[in-house]
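Written below as structure tokens is the structure these notes are about.
Just so it is clear, the values below take in all heavy atoms, side chains as well, and ignore hydrogens, waters and symmetry mates. Computed from a predicted structure; not experimentally measured.
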Amino acid sequence: MPVRRLCSLLLVALSSATCLASAIEPGLRVSTGPASFTLAAREREIWRSPLHDSKFAAMMRANASNNCEASAPPEPLATPNPLLDTVEPSAKVSVSFIIGTDGRVHSPLILESAGAAEDRTILDTVRSWRYRPAMCNGAATETEGKIEFSSR
């Protein structure tokens, strides 16, 4: 019985020491390519992210007339910028997508590309965006959005 109690006490002491050692790791680093930056440096880099402009257009439907007496464009709720590792100064990426009546982004499509890796990152980010849907006479309606990411 004392051996069992000693083993359980030793197990608790080792697990708490392991947790403490993993929590005190100095200098959290994020590696991006050949050089690695500190987390603070990467955050500063994110705040200098490429600018983007959004354009919205109402979706035309074959069976519904587009007579909106009172309309409102979609309102962005969560549209974080994509984290791009290597963007050329003259790189420009255009994306077309549909904002559904549920406020989610559907069918994003790259119109102008900057490379496969950047395109994948941008598509994943755009899919996570959330909007308050466009309104037509008080009812939510689908809207086509186009966005352009460029570094300036």
Side-chain angles (χ1 to χ4, degrees), residues 12 14-152:
V12 169
L14 286 177
S15 63
S16 52
T18 304
C19 292
L20 183 60
S22 65
I24 303 178
E25 181 179 336
L28 179 61
R29 296 190 172 272
V30 177
S31 76
T32 56
S36 63
F37 301 99
T38 64
L39 187 58
R42 184 68 174 150
E43 285 178 352
R44 280 192 303 274
E45 187 178 310
I46 290 170
W47 286 109
R48 289 181 286 155
S49 64
L51 301 173
H52 57 271
D53 299 319
S54 300
K55 298 176 187 170
F56 300 103
M59 297 290 290
M60 299 300 289
R61 296 200 176 205
N63 60 355
S65 61
N66 196 12
N67 296 331
C68 289
E69 293 176 11
S71 63
E75 295 178 36
L77 299 175
T79 57
N81 288 328
L83 297 176
L84 301 175
D85 289 332
T86 57
V87 177
E88 297 177 17
S90 62
K92 188 164 57 168
V93 179
S94 295
V95 181
S96 175
F97 55 92
I98 296 172
I99 301 170
T101 57
D102 58 354
R104 295 180 182 267
V105 172
H106 302 281
S107 307
L109 176 68
I110 298 289
L111 301 175
E112 288 184 51
S113 177
E118 286 80 12
D119 291 351
R120 190 174 315 114
T121 302
I122 289 173
L123 286 176
D124 289 342
T125 302
V126 169
R127 281 187 190 104
S128 72
W129 287 0
R130 299 293 178 260
Y131 288 87
R132 181 170 289 124
M135 303 299 277
C136 176
N137 295 332
T141 183
E142 289 184 340
T143 306
E144 178 182 4
K146 292 181 182 173
I147 192 160
E148 185 176 284
F149 296 94
S150 62
S151 55
R152 293 182 188 174

Expected list for residues 68-77: side-chain donor-acceptor pairs under 3.5 angstrom, two or more places apart:
from, atom 1, to, atom 2, distance (Å)
E75, OE1, R132, NH1, 3.0

Aromatic plane relationship, W129 with F149 - under 30° parallel, 30 to 60° tilted, over 60° perpendicular: tilted

Evaluation steps, side-chain contact (heavy atoms from CB on, under 4.5 Å), between T143 and Y131: CA-CA 11 Å; T143 306; Y131 288 87; over 6 Å; no

Partners meeting side chain to side chain contact (heavy atoms under 4.5 Å, CB included) with L109 (sequence neighbours left out): L111

Intermediate values then yes/no, side-chain contact (heavy atoms from CB on, under 4.5 Å), S94 and K146: CA-CA 7 Å; S94 295; K146 292 181 182 173; over 6 Å; no

Interatomic distance, S113 atom OG to I122 atom CD1 [nearest 0.5 angstrom]: 8.5 Å

Test salt bridge (charged side-chain N to carboxylate O under 4.0 Å, His left out) applied to D124 - qualifying residues, sequence neighbours left out: R127

Student check: side-chain heavy atoms of H106 and R104 closer than 4.5 Å: yes

Shortest non-hydrogen contact from S96 toward E144: OG-OE2, 3.2 Å

Residue of the set I110, V105, D119, T125 for which side chain to side chain contact (heavy atoms under 4.5 Å, CB included) holds with V95: I110

Set of residues satisfying side-chain hydrogen bond (donor to acceptor under 3.5 Å, both in side chains) with respect to S128, sequence neighbours excluded: none

Check: E142/T101 side-chain N/O donor and acceptor closer than 3.5 Å: no

